[in-house]
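Beneath this line is the structure, given in structure tokens, with notes to follow.
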Amino acid sequence: MSFALIDGNNFYVSCERVFQPRLEERPVVVLSNNDGCVVARSAEVKALGIAMGTPWFQIRDLAEAHGIVALSSNYALYADMSNRMMSLLASFSPLQEVYSIDECFLDLHGVAAEDRLALGARMRRVIRQYLGLPVCVGMAPTKTLAKLANHLAKKRPGYQGVCDWARIAAAEQDALLAELPVQEVWGVGGQSAAALGKMGIHTVQDLRLADPAWIHSRFNVVLERTVRELRGESCIALETLAPPRQEIQCSRSFGQSVTTERGLAEALTLYTTRAAQKLRRQRQVCGAVRVMIRTSPFQQRPPPYCGSITVPLREASNDTLVLIQVALRGLRRVFRPGLSYAKAGVLLVDLGPEGVIQGDLFAMADAEDQAGRERRRQLMETLDRIHGRYGSGSINPGTAGLRADREWGMRRGNRSPAYTTRWAEIPQVLA
DNA sequence: TCTGGGGTCCTAGGACCC
DNA sequence: TCTGGGGTCCTAGGACCC
């Protein structure tokens with residue numbers, strides 16, 4: 001068993017640099033929606049000690065002092081670059097798991113041990129040459145160790161971007177793991193790290209030496225698997241085809257707070273529209289809609305409010321208009337007047353495949369009913385085609401309100417063009 | 001003034017049943 | 001004084017990931 005993990009370096013920043021070479025060697029951050037938090041940092045920014053997830057307003061002065069370039073996130077660009085990177089990497093192995101927008105696992109069995117480093121170096125060369133993106137490669141007998149090897153490949157220049165765990169002598173492996181805080185391991189977050197620390201487990205090596213059964217009893221089966229994986233026992237298989245989604249979410253923080261039920265209804269209408277589109281694209285239906293609205297959790301008074309409710313459907317559906325109705329019914333139940341809302345969201349749950357719809361026991365399944373259903377299906381198809389052609393949001397249900405009236409739209413002060421996915425924004429070569 | 005979004009999995013606890 | 005036991009299903013919440 002052998003896995004490779006290929007992971008983009010500072011992925012979003014690197015994507016931006018491909019099209020703006022002047023950003024090379026300069027400190028760059030990419031911000032989340034509403035220009036809220038730092039979600040990607042160039043090496044120069046990491047060196048300044050700015051942590052992932054830092055709110056932008058907290059470091060604005062520091063950023064100015066160091067000439068940090070801050071970009072709004074441009075997901076259309078990152079997703080397109082990601083797709084290109086994944087198809088290039090797919091050519092290196094018959095089995096690939098796309099794990100996130102900037103990383104994938106490859107199955108390496110069949111590749112001779114002595115050929116692996118060269119293979120990793122070739123992957124790096126190809127991605128750099130075709131896309132201009134820097135990546136690092138970690139290889140190991142388990143996915144957890146491959147993640148660790150990737151971490152080493154990134155942090156230690158000696159590896160030149162490719163680290164094959166299996167080629168490291170046992171004593172050196174021990175020494176490396178003893179230097180890494182336990183939180184560096186895939187699957188160990190802050191909470192578990194704190195709890196482990198109290199039990200004297202501080203480094204990855206400490207965790208590796210712990211008894212898996214004991215870890216299971218004090219924590220859970222997930223952490224037990226992590227321990228086994230650290231010991232070289234592969235417990236987490238490669239998932240080459242993505243399992244069907246179990247829920248679909250669409251939520252956003254508002255550019256400025258919303259106080260009216262009407263404003264929330266507009267936002268939820270749009271979010272439901274998007275979620276329903278995703279649902280149909282995956283040929284699924286949902287059995288219930290969960291609606292969530294909340295005030296800012298950072299505000300002291302009035303105390304934060306988070307209202308959410310799950311509204312079941314009488315009959316599973318992926319019809320945008322049906323789902324909007326249900327979502328707005330939920331909103332009516334959780335809305336409290338007099339509050340400043342900071343965020344709203346829709347979660348489609350209880351998903352199942354389209355076509356095996358559990359009929360409504362009390363509905364008359366007569367011919368007229370069938371015909372009505374068919375007309376609605378065609379309406380949704382038309383809606384999807386219009387969105388495909390003119391962009392999502394080009395046509396909306398009335399409750400979405402008019403764009404000009406929206407008080408809650410996103411702030412995105414500094415977004416770069418969609419260089420690779422919109423004709424009008426493709427870069428032009430100046431002679 | 002200003003703090004992301006979209007997922008998964010696991011566990012605990014309550015309701016309910018026999 | 002003393003109030004069963006074991007199973008399933010559902011939901012909410014926590015932890016984690018990128």
Side-chain angles (χ1 to χ4, degrees), chain A residues 5 7-12 29-41 50-61 63 70 72-75 78-79 82 97-105 143-144 147 150-151 182-196 216-226 235-236 239 242-257 267 271 274-275 278-279 282 287-288 290 292 294-300 304 306-310 312 340 342-351 410-413:
Chain A
L5 176 72
D7 188 322
N9 303 355
N10 324 322
F11 188 70
Y12 295 172
V29 294
V30 174
L31 303 176
S32 65
N33 282 339
N34 289 313
D35 295 342
C37 298
V38 172
V39 292
R41 305 158 296 159
I50 293 174
M52 183 75 165
T54 307
W56 172 235
F57 74 91
Q58 283 177 5
I59 53 163
R60 198 167 281 161
D61 293 342
S72 306
S73 37
N74 183 349
Y75 289 108
Y78 312 146
S82 171
E97 173 184 343
V98 176
Y99 178 67
S100 77
I101 192 162
D102 74 333
E103 57 189 305
C104 72
F105 290 99
K143 286 165 86 175
T144 302
K147 289 278 267 188
N150 188 285
H151 177 85
V182 70
Q183 222 176 314
E184 295 292 340
V185 179
W186 188 38
V188 179
Q191 301 300 313
S192 313
L196 286 165
H216 188 151
S217 71
R218 303 301 295 267
F219 292 88
N220 53 44
V221 61
V222 181
L223 198 58
E224 179 194 352
R225 279 201 285 263
T226 301
C235 305
I236 308 173
E239 283 187 1
R245 292 265 91 79
Q246 304 193 27
E247 53 188 46
I248 292 175
Q249 195 180 335
C250 186
S251 63
R252 292 279 182 288
S253 297
F254 302 131
Q256 47 179 293
S257 60
Y271 303 163
R274 275 185 216 145
K278 270 196 229 173
L279 190 62
Q282 299 181 39
R290 186 169 187 80
M292 182 276 298
R294 70 158 210 227
T295 61
S296 167
F298 304 103
Q299 216 169 293
Q300 301 303 317
C306 178
S308 76
I309 188 171
T310 306
S340 287
K343 180 176 182 174
V346 166
L347 190 62
L348 306 183
V349 294
D350 205 357
L351 303 191
M410 251 195 304
R411 288 191 305 273
R412 268 195 316 201

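Proteins get letters first, then strands, A, B, ... in listed order; numbering begins at 1 in each.
- Note: CZ (R218(A)) to P (dA15(C)) measures 16 Å, nearest angstrom.
- At the phosphate of dG6(B), OP1 or OP2 sits under 4.0 Å from a side-chain N or O atom of S251(A).
- Using a 4.0 Å cut-off, no side-chain N or O of R245(A) falls inside it from OP1 or OP2 of dG6(B).
- No engagement by D35(A) is indicated, since no non-hydrogen atom pair under 4.0 Å with the nucleic acid exists.
- E103(A) comes within contact range of the sugar-phosphate backbone alone, with a heavy-atom separation under 4.0 Å but no base atom that close.
- As a whole-Å value, the separation of I309(A) CD1 from dG13(C) P is 13 Å.
- Using a 4.0 Å heavy-atom distance criterion, G190(A) is classed as a sugar-phosphate-only contact.
- Taking 4.0 angstrom as the limit, K278(A) places none of its side-chain polar atoms (N or O) nearer than this to OP1 or OP2 of dG5(B).
- Side-chain nitrogen and oxygen atoms of R225(A) include none within less than 4.0 Å of the OP1 or OP2 phosphate oxygen of dC9(B).
- The closest donor-acceptor contact from the side chain of S32(A) to the backbone of C37(A) lies under 3.5 Å.
- Remark: dG14(C) base-pairs with dC9(B). Criterion, Watson-Crick or G-U wobble with two distances under 3.5 Å.
- Across all strands shown, V185(A) has heavy atoms under 4.0 Å from sugar-phosphate atoms exclusively, and none from any base.
- The backbone N or O of C250(A) sits nowhere less than 3.5 Å from a side-chain atom of R274(A) that would complete a donor-acceptor pair.
- Rounded to a whole Å, the OH atom of Y78(A) is 13 Å from the C1' atom of dG4(B).
- For N220(A) and dT8(B), the CG to C1' distance is 13 Å, given to the nearest whole Å.
- Between R60(A) and the phosphate of dT1(B), there is no side-chain N or O to OP1/OP2 separation shorter than 4.0 Å.
- The shortest distance between side-chain heavy atoms of Y99(A) and K143(A) does not fall below 4.5 Å.
- The CG atom of L196(A) sits 13 Å away from the P atom of dA15(C) (whole-angstrom rounding).
- For the C1' atoms, the distance linking dC2(B) with dC18(C) amounts to 24 Å, nearest Å.
- W56(A) comes within 4.0 angstrom of no nucleic acid atom, judged by non-hydrogen atoms across all strands.
- At dC17(C), none of the side-chain N or O atoms of S100(A) fall inside 4.0 Å of OP1 or OP2 (strictly under the cut-off).
- When distances run from any side-chain atom of Q191(A) to the nucleotides dC16(C), dC18(C), dG5(B), the shortest one goes to dC16(C).
- Distance, F105(A) CZ to dC17(C) C1': 11 Å, rounded to whole Å.
- In this structure, the side chains of I248(A) and L347(A) stay at 4.5 Å or more apart for every pair of heavy atoms.
- For R290(A), the side-chain atoms get nearest to dA12(C) when compared with the rest of dA12(C), dG4(B), dC10(B).
- Of the residues near DNA chain B, C37(A) and F219(A), the one whose nearest nucleotide (by heavy atom distance) lies more toward the 5' end is C37(A).
- One N or O on the side chain of N34(A) and one on the backbone of S253(A) form a donor-acceptor pair closer than 3.5 Å.
- Using cut-offs of 30° and 60° on the angle between ring planes, the pair Y78(A) and Y12(A) is parallel.
- For V221(A), counting side-chain heavy atoms from C-beta on, the closest listed nucleotide (dG6(B), dG4(B), dC10(B)) is dC10(B).
- With centres under 5.5 Å and a plane angle under 30° as the test, the ring of F57(A) is not stacked against the base of dT3(B).
- For the OP1/OP2 pair of dC16(C) and a distance below 4.0 Å, the side-chain nitrogens and oxygens of S192(A) include at least one atom meeting the criterion.
- Where Y75(A) and E247(A) each meet DNA chain B at their nearest nucleotide, the meeting point lying more 5' is that of Y75(A).
- Rounded to whole Å, the separation between the P atoms of dC17(B) and dT3(C) comes to 24 Å.
- Residue S73(A) is out of contact with every strand shown, counting any heavy-atom pair closer than 4.0 Å.
- Counting any heavy atom pair closer than 4.0 Å across all strands shown, I248(A) reaches sugar-phosphate atoms only and no base atom.
- Here Q183(A) does not reach the OP1 or OP2 of dC16(C): none of its side-chain N or O atoms lies under 4.0 Å away.
- We find that CG of N33(A) is positioned 5 Å from P of dG5(B), with the value rounded to whole Å.
- D102(A) contributes no side-chain N or O that, together with a main-chain N or O of F11(A), makes up a donor-acceptor pair within less than 3.5 Å.
- Put simply, K343(A) has no side-chain N or O that comes within less than 4.0 Å of OP1 or OP2 on dT3(B).
- Panel note: side chain N33(A), backbone G36(A); no donor-acceptor pair is recorded below 3.5 Å.
- At the phosphate of dC17(C), neither OP1 nor OP2 sits under 4.0 Å from any side-chain N or O atom of K147(A).
- Set against dC9(B), dA15(C), dT11(B), the side chain of Q246(A) has dC9(B) as its closest nucleotide.
- Across the protein-nucleic acid pair, Q249(A) atom CD and dC17(C) atom C1' stand 14 Å apart, rounded to whole Å.
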